[in-house]
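First comes the structure, then the notes that go with it.
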Protein chains: 2
Amino acid sequence: MANGSGTGPARRASDRGRYGRLNRERVLSAALALVDREGLSALSMRRLGAELNVEAMALYRYAASKDALLDGLVEALYLELEEQLAADAGEDADWRAGLHRFARATYDVCLAHPQAVPLLATRLLAVPLARRPAAVLRDHERVLALLRKAGFDEATASAVFRAFTAWLHGYVSVELRPMVDNPDETDPAFRLGLHRLSAKELPTLRETAAALAERGGPEGLAAGLDALLDRFTNGSASAASG
Amino acid sequence: MANGSGTGPARRASDRGRYGRLNRERVLSAALALVDREGLSALSMRRLGAELNVEAMALYRYAASKDALLDGLVEALYLELEEQLAADAGEDADWRAGLHRFARATYDVCLAHPQAVPLLATRLLAVPLARRPAAVLRDHERVLALLRKAGFDEATASAVFRAFTAWLHGYVSVELRPMVDNPDETDPAFRLGLHRLSAKELPTLRETAAALAERGGPEGLAAGLDALLDRFTNGSASAASG
DNA sequence: CGCTTACGTTTACGTCGTATAGGGATGGCA
DNA sequence: TGCCATCCCTATACGACGTAAACGTAAGCG
């Protein structure tokens with residue numbers, strides 16, 4: 001048993017005072033910390049309980065199921081995004097700047113929690129729009145409001161929103177794909193595990209792998225975003241810039 | 001027990017003749033079929049074994065672990081992509097057309113196996129480049145070769161490759177996000193579950209949700225791809241068009 | 001003080017991935 | 001033909017998982 005001390009029958013409720021009562025935020029931040037530290041596969045109800053000095057079943061008071069807990073983690077990421085957005089400038093010069101700010105903040109949050117990023121893909125593919133976590137919906141609202149205020153009609157705003165989301169999430173996902181095969185190795189080629197790539201069948205990949213392993217960084221993200229957005233301003237749609 | 005008939009001690013080896021011997025391809029295609037039919041969570045070693053009239057442990061001869069089996073599913077998707085690409089025209093007019101063909105084929109394969117798509121995100125975030133399934137590496141090789149042959153230098157080809165991949169995967173992922181909350185409902189608003197979206201706090205999202213639920217289709221994919229590629233041809237990089 | 005409600009524990013069940021050992025068919029060689 | 005090695009699948013078992021149900025026990029109220 002995870003009893004604090006002695007050979008008592010079990011953890012006494014008075015021990016709780018040591019760590020304070022449980023609540024949703026404590027559960028979620030412990031879960032996120034655990035995932036950051038040891039990866040998604042380390043996150044089990046029992047393990048998370050142990051992390052909080054509590055039995056696994058206690059967590060079900062704050063998340064209806066493990067899937068709900070994972071949705072909670074997604075929400076936690078978006079809450080961090082909201083904080084990050086609140087931290088710097090309030091309003092943006094124009095809608096493009098607004099989208100860039102959003103994109104950059106999302107990028108930063110994702111890079112800060114690389115192990116949690118797969119959740120964004122899996123949970124958002126599992127949960128229908130209306131049931132997404134509140135913070136996610138607030139994010140959508142802000143982006144859409146930004147676009148509508150800029151003069152885009154409903155259909156165009158929705159198209160821009162989708163393109164924005166696709167690029168942002170795709171970019172982060174590609175940015176986080178692991179390239180290093182053997183971290184202990186000093187030689188770059190061995191580090192990348194190039195000896196696994198047949199020189200006969202994969203010559204181009206082999207010679208490009210080193211370049212591929214470089215990150216695009218926030219600049220790459222911004223550049224692609226601009227390229228996509230140009231299509232909606234230079235193209236058919238009607239859009240103001242204030 | 002999953003015995004064919006009677007009360008014999010267990011399935012006899014002679015029963016194998018009924019279905020033929022197991023092999024990797026049979027295992028993977030049964031796994032993909034199961035995922036297509038019942039979703040990723042239905043895929044367990046025991047269940048897949050049952051599907052093949054075999055005990056779970058038999059599968060370990062064809063996949064070293066469950067994670068390896070999932071990587072096998074990713075490979076299966078890319079094999080289907082290769083088939084699809086081989087089916088239509090052989091060579092492309094230029095590199096842009098080549099990328100569009102690739103993108104379209106990937107889009108089609110993903111839409112044909114929506115339940116398997118999360119694997120692309122999760123497994124490619126879990127496995128380093130050099131250990132990706134062979135079919136995935138062949139895909140990379142083809143795209144990179146296309147770009148180098150078009151005259152892009154190593155760095156630019158790698159940047160284009162990353163942007164291409166990011167857009168493609170992001171687009172598919174957004175396209176497959178479920179929008180319908182209650183499929184039994186006929187009224188569009190209830191179907192989307194708009195009553196869950198506070199009219200006060202999420203007004204824009206609420207009014208845009210219907211438009212958001214529409215798909216961008218292959219056209220949207222192609223449009224965004226062109227927008228991104230323009231950046232690399234009109235911009236600084238040097239690239240021919242043959 | 002006693003009652004209610006909220007919170008955490010205990011116990012238990014079925015399923016999961018997989019280590020290990022065993023058995024029965026198969027194919028090569030005498 | 002008979003024997004043995006090899007391959008393929010089964011049998012059994014273990015620990016961990018998610019979670020239903022029932023049970024204390026502490027906290028806050030009158």
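One can place CG of A/L22 at 13 Å from C1' of C/dT9, the figure rounded to the nearest angstrom. Summarising the geometry, the separation between CG on A/D67 and C1' on D/dC17 is reported as 14 Å, rounded to the nearest angstrom. The separation between B/L48 atom CG and C/dT15 atom C1' is 16 Å, rounded to whole Å. For the pair A/R61 CZ and D/dC23 P, the interatomic distance rounds to 15 Å; values are reported in whole Å. For the pair A/R24 CZ and C/dC7 P, the computed distance is 14 Å after rounding to whole Å. Between the CZ atom of B/R26 and the C1' atom of D/dC9 there is a distance of 13 Å, rounded to whole Å. Between the CG atom of B/L43 and the C1' atom of C/dT15 there is a distance of 14 Å, given to the nearest Å. In this entry the distance linking CD of A/E55 with P of C/dT10 reads 5 Å, nearest Å.
Enclosure of atom CD in A/E185 by more than 12 non-hydrogen atoms of other residues, nucleotides or ligands within 6.0 angstrom is indicated. More than 12 heavy atoms of other residues, nucleotides or ligands shown are found within 6.0 angstrom of CD on B/E38. Counting non-hydrogen atoms of neighbouring residues, nucleotides and ligands closer than 6.0 angstrom, the CD atom of B/E25 reaches no more than 12 such neighbours.
Candidate nucleotides C/dG17, D/dG18, D/dC8 were compared by shortest atom distance to the side chain of B/M45, and C/dG17 ranks first. Between D/dC17, C/dG17, D/dC9, one nucleotide has an atom nearer to the side chain of B/K66 than all others, and that is C/dG17. Comparing C/dC7, D/dG18, D/dC8 by their nearest atom to the side chain of A/R21 picks out C/dC7. Of the listed nucleotides (C/dG8, C/dG17, D/dT19), D/dT19 has the atom at the smallest distance from the side chain of A/R46.
Mapped onto DNA chain D by nearest heavy atom, B/A58 and A/M57 fall at different nucleotides, with B/A58 at the one closer to the 5' end.
Within the structure, a side-chain polar atom (N or O) of B/Y62 is placed less than 4.0 Å from OP1 or OP2 of D/dC9. In this structure, A/S44 reaches the D/dC17 phosphate: one of its side-chain N or O atoms is under 4.0 Å from OP1 or OP2.
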Output, in order, the C-alpha distance, side-chain angles, deciding distance and verdict of side-chain contact (heavy atoms from CB on, under 4.5 Å) for B/T122 and A/L40.
CA-CA 11 Å; B/T122 56; A/L40 268 175; over 6 Å; no

Taking only distance into account, with no hydrogens and no angle test, what donor-acceptor pairs under 3.5 Å do side-chain atoms of residues 172-182 of chain A form with protein atoms, sequence neighbours excluded?
| residue | atom | partner | partner atom | Å |
| --- | --- | --- | --- | --- |
| A/E175 | OE1 | A/G216 | N | 3.2 |
| A/E175 | OE2 | A/Y107 | OH | 2.8 |
| A/E175 | OE2 | A/G216 | N | 3.3 |
| A/E175 | OE2 | A/G217 | N | 2.7 |
| A/D181 | OD1 | B/R131 | NE | 2.6 |
| A/D181 | OD1 | B/R131 | NH2 | 3.2 |
| A/D181 | OD2 | A/R196 | NE | 3.1 |
| A/N182 | OD1 | A/D184 | N | 3.2 |

